[in-house]
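See below for the structure under consideration.
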Amino acid sequence: MNILVCMKQILDPEVPARDFRVDALHKEAERGSANLVTNIFCENALETALQFRERAGDVKITVLSFGAPSAEDSLRKALAMKADAAALVINEGNPHPDPLTVAQVLAAAAKRLGSFDLILVGRESGDWGAGQTGGLLAEELGWPCLSFVDSIESAGGKVRVKRQTESGFEIVEAEPPVVLTITNDEHNVPRIPKVRDVMMAHRQPLTTFNTADLGVDVSSRYYEVAQLSIPQKESHCEFVPGDTLDQKVDALARRLLEVTAAL
Amino acid sequence: MSNDVVIVVFSSDRAAEGLAGAGERLASAMGGRVFEIAIDPAEYQIEECLTALTETCRELNPRAILLSNDTYSQEIAPRLAHRLGGSAVGDGVAITAELRVTRQVYGGKAQAVIQLKRTPAVVWLRARSFAPASGGQAPSPVRTGGAPVLHAQTRIVERRRETQGEARLEDARVIVSGGRGIGGPEGFSGELQPLARLLGAQMAASRAACDAGWVPLTWQVGQTGKKVAPDLYLAIGITGASQHMAGISEAKQIAAINIDRDAPIFKHCRFGIVEDYRKVVPLLRQKLSAIQR
């Protein structure tokens with residue numbers, strides 16, 4: 001079975017709000033001293049694929065990224081986690097590709113790379129968080145899509161996946177090819193690659209394309225960012241008054257009731 | 001073009017009887033028409049619902065299609081937009097007639113206005129971002145058949161609920177939430193849950209508490225969990241990492257109980273107390289019961 005896992009490199013979402021700035025003119029976050037990291041849900045997706053390979057055996061995992069040349073780091077890390085092959089589509093044309101553009105690029109690259117049974121993408125990204133790549137990619141390919149999946153098992157020629165819903169979970173049977181969007185749970189926490197594998201990953205081949213090679217128009221036709229700003233939220237924490245614990249908790253109780261009674 | 005509002009609901013005959021339901025109430029509130037697609041939402045299958053909804057929307061030819069932000073709507077929206085040649089955007093907190101949608105990005109650290117470039121605009125809205133409409137006459141719904149998908153490649157074969165029928169966390173007005181500082185499942189069951197009952201609140205938790213297996217995954221709030229917008233969010237033993245704040249950027253008021261005065265959560269709070277929750281919560285429960293009596 002051939003699995004493709006799509007990976008996105010993003011600005012570290014753990015940057016605290018006080019250090020976060022935006023470039024309102026270019027409508028993007030300022031990099032500052034922040035690290036670039038792989039989007040967590042993409043790593044959950046890779047981990048889910050790796051665990052599936054461990055159970056199912058004959059599985060080849062290819063990782064694919066569309067992004068700046070620095071996205072190579074995310075792919076090398078994926079290789080160190082033991083993905084079998086990696087490909088990068090370098091984004092030269094549009095620093096803000098909209099979700100449809102991303103899906104069209106990924107679909108074209110997937111077709112170029114071979115024939116896949118499953119394509120895994122993260123449920124959403126930690127930067128723009130549009131949450132549309134999986135669905136649009138499936139439509140571009142004419143495949144079905146299952147969302148919020150956290151584990152995959154093989155079931156004859158089919159796969160059985162578990163997916164999260166707001167009230168619990170569902171078990172879904174799917175006949176490949178299918179696109180899966182992956183969410184996190186306690187079982188797909190991404191593994192830490194071994195130092196030796198990190199070194200080895202730097203010597204592995206990386207297929208690169210640009211969008212012109214793939215013949216995809218990267219101009220934004222789906223949507224564009226009209227404004228980006230940091231909301232000014234007035235928030236001054238009032239620590240409840242009192243000299244003793246009893247007094248403070250009493251003030252807290254009254255404050256809580258005041259708020260809830262007003263609802 | 002008329003400013004017509006059409007409500008499309010999935011409902012079985014059984015559900016429709018008792019319904020006077022979601023769609024009808026909505027339509028009566030807004031004076032719109034209702035289309036019922038005869039598919040029981042309890043029997044939801046993705047490809048079937050998507051196909052039926054696509055056909056209904058082709059017929060109605062709307063400029064905008066609004067959905068809630070539940071799991072099913074989120075998975076349907078981008079694909080529906082693609083099939084209709086429109087553009088989708090999610091987690092909207094405001095939308096204009098020019099199809100500009102405001103949403104949180106970068107985990108709630110920034111806000112973007114997105115200009116959709118194609119119609120229909122397919123927008124799923126963040127829960128509690130809009131006040132519910134009310135009043136009006138209930139029109140009678142127009143029923144349309146479901147759309148059978150002859151060879152669906154996917155089939156939901158089992159559904160499991162892990163909640164006891166309480167409202168969605170996204171719709172809660174008051175939330176009591178615990179984090180790593182709670183220290184174990186006993187703190188949740190013995191202290192936080194009784195407190196939540198006193199406050200008429202629903203329970204939530206941080207990723208740390210869910211990852212540790214102390215509470216169900218369905219409680220998780222944050223970048224990797226649910227995005228909630230209560231009137232009051234009481235954070236207990238939660239430091240307030242960026243990834244957690246991403247889930248509560250739309251909360252009207254945040255209050256915290258935390259042992260560490262420098263915890264980032266206090267930067268987002270309206271009020272709080274710097275103390276060990278183990279000392280605060282039992283006393284707080286006594287006081288709340290006493291005052292309420």
Side-chain angles (χ1 to χ4, degrees), chain A residues 13-17 20 22 29 40 99 126-132 135-136 138-139 144-148 165-175 178 184-186 221-231 235 237-240 245-246 248-250 252-253 255-257 259-260 263, chain B residues 47 70-71 74-75 78-79 82-83 87-90 100 105-107 109-118 153-163 168 173-174 199-200 211 213 217-218 223-224 231-232 242-243 253 264 266 268-269 271-275 279-280 283-284 287-288 291:
Chain A
E14 291 299 324
V15 172
F20 185 82
V22 298
I40 181 67
D127 51 3
W128 288 85
Q132 300 198 43
L136 295 175
E139 290 300 311
C145 179
L146 298 172
S147 308
F148 309 107
T165 63
E166 46 254 304
S167 57
F169 64 87
E170 292 171 347
I171 304 295
V172 192
E173 279 186 359
E175 214 175 288
V178 59
N184 62 318
D185 89 331
E186 67 262 41
R221 287 149 294 142
Y222 191 71
Y223 66 47
E224 67 187 9
V225 181
Q227 263 176 49
L228 182 68
S229 59
I230 294 180
S235 110
C237 181
E238 181 194 324
F239 290 103
V240 289
L245 179 68
D246 191 82
K248 286 196 264 186
V249 175
D250 197 71
L252 179 65
R255 189 76 192 263
L256 287 169
L257 285 178
V259 177
T260 52
L263 300 181
Chain B
E47 303 302 321
D70 60 282
T71 314
Q74 283 184 49
E75 72 177 349
R79 300 182 65 191
H82 193 284
R83 289 183 184 195
S87 293
V89 66
R100 287 183 166 222
V105 294
Y106 289 99
K109 289 190 286 249
Q111 179 171 286
V113 178
I114 305 288
Q115 173 70 59
L116 301 182
K117 295 183 120 177
R118 314 195 303 186
Q153 272 172 270
T154 65
R155 192 96 209 135
I156 298 171
V157 293
E158 188 185 338
R159 298 166 210 268
R160 197 73 68 80
R161 287 187 79 85
E162 286 180 336
T163 52
R168 298 187 330 135
R173 306 173 79 175
V174 184
L199 290 169
D211 281 352
L217 209 59
T218 49
Q223 177 80 46
T224 56
D231 291 297
L232 175 66
S242 279
Q243 89 81 25
Q253 282 196 55
F266 286 122
H268 304 272
C269 277
F271 58 101
I273 182 169
V274 182
E275 271 297 348
K279 289 188 199 154
V280 174
L283 194 54
L284 181 59
K287 302 236 175 229
L288 288 171
I291 301 170

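Proteins come first, then strands; the chains are lettered A, B, ... in the order of their sequence lines, and each starts at number 1. Keep in mind that the numbers below use all heavy atoms, side chains included, and drop hydrogens, waters and symmetry copies.
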For the side chain of [X] and the backbone of [Y], is there at least one donor-acceptor N/O pair under 3.5 Å apart?
X: Gln153(B); Y: Glu175(A); answer: yes
X: Ser242(B); Y: Val15(A); answer: yes
X: Tyr222(A); Y: Ala88(B); answer: yes

Please classify the contact between [X] and chain B as side chain, backbone, both or neither, with a heavy-atom cut-off of under 4.5 Å.
X: Phe20(A); result: side chain
X: Pro13(A); result: backbone
X: Thr260(A); result: side chain
X: Phe169(A); result: both
X: Val22(A); result: side chain
X: Val259(A); result: side chain

Original post:
Should the heavy atoms of other residues, nucleotides or ligands under 6.0 Å from CZ of Arg221(A) be counted, would the total exceed 12?
Top reply: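 More than 12 within 6.0 Å, yes.
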Straight-line distance of [X] [atom1] to [Y] [atom2], nearest 0.5 Å:
X: Arg255(A); Y: Leu232(B); atom1: CZ; atom2: CG; result: 10.0 Å
X: Arg161(B); Y: Glu170(A); atom1: CZ; atom2: CD; result: 10.5 Å
X: Arg168(B); Y: Ser167(A); atom1: CZ; atom2: OG; result: 10.0 Å
X: Lys109(B); Y: Asp127(A); atom1: NZ; atom2: CG; result: 10.5 Å
X: Ser147(A); Y: Gln74(B); atom1: OG; atom2: CD; result: 8.5 Å
X: Gln111(B); Y: Leu228(A); atom1: CD; atom2: CG; result: 9.5 Å

Between [options], which shows the greatest number of heavy-atom pairs under 4.5 Å with chain B?
options: Ala138(A), Gly126(A), Pro99(A); answer: Gly126(A)
options: Ala17(A), Ala253(A), Cys237(A), Pro231(A); answer: Cys237(A)
options: Glu139(A), Gln227(A), Glu186(A), Glu238(A); answer: Glu139(A)

Residue pair [X] / [Y]: nearest heavy atoms and the distance that separates them:
X: Arg100(B); Y: Ala226(A); value: NH1-CB, 3.7 Å
X: Pro78(B); Y: Leu136(A); value: O-CD2, 3.3 Å
X: Pro144(A); Y: Glu47(B); value: CB-OE2, 3.3 Å

Is [X] close to chain A through its backbone or its side chain, or both, or neither, when contacts mean heavy atoms under 4.5 Å?
X: Leu217(B); answer: side chain
X: Arg155(B); answer: both
X: Gln223(B); answer: both

Original post:
Does a side-chain heavy-atom distance below 4.5 Å link Val225(A) with Val105(B)?
Top reply: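 Counting from C-beta outward, Val225(A) and Val105(B) never come under 4.5 Å.
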Original post:
Does the side chain of Val280(B) reach to within under 4.5 Å of the side chain of Leu245(A), using non-hydrogen atoms?
Top reply: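 SC-SC contact between Val280(B) and Leu245(A) confirmed.
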Original post:
If you count heavy-atom pairs under 4.5 Å between each of Ile156(B), Thr224(B), Asp70(B), Val89(B) and chain A, which one has the most?
Top reply: Thr224(B)
Subject >> Option in Gly213(B), Cys269(B), Gly90(B) with maximal non-hydrogen atom pairs under 4.5 Å from chain A >> reply: Cys269(B)
